[in-house]
**Q** 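Got a structure for you, written out below as structure tokens; questions coming shortly.
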Amino acid sequence: MKFLMLLFLSLFTNITAAFANPACVVCTVAIGASLEIARKLGISDNIVGLWAGALFALLGYWLILWFDKKNWHFRGRNPILMISSIAMIGFIYMGELVYSPQIIGFLYIDQFLLASLCGAGLYIFSQKFYAFMKKRNNGHAHFPFEKVVLPLALLFVVSFILDFYSL
């Protein structure tokens, strides 16, 4: 108990200025923690994969910002970092999921993997769409926290659709 008190005390006394990030740290940790809880509650793996893919796309954006901060630049850096970040989904659920590819449309792919790729693509699309909307509004967001609301709303709508129409 004393260890926890010292940990919280040290965290609150070492507060520094925040840097501008694609999303807040609290939201990222909440999404990451809720994925395992959702699986335990029996929510479909497609929906969990969708949110996990979006989470790893977000972590890819953070990795790009960290490389910018360190001034590490090389050819094809951003696509390589984003693809490697999204590919980490395989390592997270490796022991928990059985890889069972199926024919989905013209693809022969696992449902969870396809859902996570769709989630990553959806998150990347939402960030690009936000930048487009902000540019058209003279560099200002339409409402506070629009950058957070837009991907969450899109993920929620697609999750609702996936709940009724599974892959």
Side-chain angles (χ1 to χ4, degrees), residues 11 14-41 43-97 99 109-137 139-163 167:
L11 288 175
N14 293 324
I15 296 175
T16 59
F19 296 101
N21 286 317
C24 66
V25 178
V26 176
C27 299
T28 305
V29 171
I31 290 171
S34 66
L35 291 176
E36 188 61 30
I37 295 168
R39 291 200 73 232
K40 298 284 188 208
L41 292 173
I43 295 174
S44 171
D45 283 343
N46 294 335
I47 297 171
V48 174
L50 185 79
W51 286 85
L55 171 70
F56 281 100
L58 171 66
L59 294 178
Y61 274 119
W62 281 14
L63 188 61
I64 290 170
L65 287 175
W66 186 69
F67 268 57
D68 284 342
K69 187 175 164 184
K70 295 290 185 181
N71 204 17
W72 293 342
H73 301 283
F74 52 88
R75 186 179 176 139
R77 180 194 73 163
N78 292 354
I80 290 171
L81 292 176
M82 192 59 90
I83 289 169
S84 63
S85 175
I86 294 169
M88 292 298 139
I89 192 70
F91 296 113
I92 298 297
Y93 290 108
M94 187 184 305
E96 296 180 25
L97 293 174
Y99 181 72
I109 192 167
D110 185 53
Q111 290 181 348
F112 185 81
L113 180 59
L114 180 62
S116 64
L117 291 175
C118 289
L122 191 65
Y123 183 80
I124 293 168
F125 168 76
S126 71
Q127 293 302 310
K128 300 291 183 189
F129 186 61
Y130 169 73
F132 169 75
M133 289 188 338
K134 186 176 175 182
K135 182 180 176 184
R136 289 195 50 153
N137 197 29
H140 299 289
H142 293 87
F143 54 89
F145 299 105
E146 181 181 16
K147 194 172 193 175
V148 176
V149 170
L150 187 63
L152 287 177
L154 286 174
L155 284 167
F156 179 74
V157 167
V158 173
S159 296
F160 188 74
I161 292 169
L162 277 178
D163 192 32
L167 291 176

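Because only heavy atoms are used, hydrogens play no part in the values below, and waters and symmetry mates are left out as well, while side chains stay in. Everything numeric here is computed off the predicted structure, so don't read it as measured data. Counting from 1, the numbers follow the sequence of the chain as shown.
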**Q** Ignoring hydrogens, what is the shortest heavy-atom contact between Ile43 and Val48? Give both atom names and the distance.
**A** O-CG2, 4.2 Å
**Q** Measure the spacing between CG of Leu150 and CZ of Phe129 and express it to the nearest 0.5 Å.
**A** 6.5 Å
**Q** Distance from Phe67 atom CZ to Asn78 atom CG, nearest 0.5 Å?
**A** 10.0 Å
**Q** What pairs meet the salt bridge (charged side-chain N to carboxylate O under 4.0 Å, His left out) rule with one or both residues in residues 72-91, with sequence neighbours excluded?
**A** Asp68-Arg77
**Q** Heavy atoms, side chains only, cut-off 4.5 Å: are Ile109 and Leu117 in contact?
**A**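 When only atoms from C-beta onward are counted, Leu117 and Ile109 do touch, with a gap below 4.5 Å.
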**Q** Assess whether atom CZ of Phe145 is packed by more than 12 heavy atoms of other residues, nucleotides or ligands within 6.0 Å.
**A** no
**Q** List the residues meeting ring-ring contact (aromatic ring centres under 6.0 Å, His included) with Tyr99, not counting sequence neighbours, and say none if there are none.
**A**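 In terms of ring-ring contact (aromatic ring centres under 6.0 Å, His included), with neighbours along the sequence ignored, Tyr99 is linked to no residue.
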**Q** With rounding to the nearest 0.5 Å, note down the distance linking CZ in Phe160 to CZ in Phe156.
**A**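 So the gap between those two atoms works out to 7.0 Å.
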**Q** Do Tyr61 and Tyr123 have side chains that approach each other closer than 4.5 Å (heavy atoms only, starting at C-beta)?
**A**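 A side-chain contact under 4.5 Å exists here.
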**Q** Roughly how far, to the nearest 0.5 Å, is CG of Leu81 from CG of Leu65?
**A** 10.5 Å
**Q** Of all the heavy-atom pairs spanning Ile47 and Ser159, show the shortest one and how long it is.
**A** CD1-O, 3.7 Å
**Q** Any donor-acceptor pair under 3.5 Å linking the side chain of Ser85 with the backbone of Met82?
**A**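 No: the side chain of Ser85 does not pair with the backbone of Met82.
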**Q** Do the non-hydrogen side-chain atoms of Phe143 and Glu146 ever get within less than 4.5 Å of each other?
**A**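 Yes; the side chains approach each other to less than 4.5 Å.
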**Q** Run the side chain to side chain contact (heavy atoms under 4.5 Å, CB included) test on Phe56 and Trp51 for me, step by step, so that the C-alpha distance in whole Å, both residues' side-chain angles and the decisive distance to 0.1 Å come before the verdict.
**A** CA-CA 9 Å; Phe56 281 100; Trp51 286 85; over 6 Å; no
**Q** What is the distance from atom CD1 of Ile124 to atom CG of Leu58, rounded to the nearest 0.5 Å?
**A** 10.5 Å
**Q** How long is the span from the CG atom in Leu113 to the CD1 atom in Ile86, to the nearest 0.5 Å?
**A**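 Going from the CG atom of Leu113 to the CD1 atom of Ile86 covers 11.0 Å.
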**Q** Just so I know, are the side chains of Lys147 and Lys134 near enough to count as touching, which here means a heavy-atom distance under 4.5 Å?
**A**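 No, their side chains stay 4.5 Å or more apart.
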**Q** So do Cys118 and Leu50 actually touch side chain to side chain, heavy atoms under 4.5 Å?
**A** yes
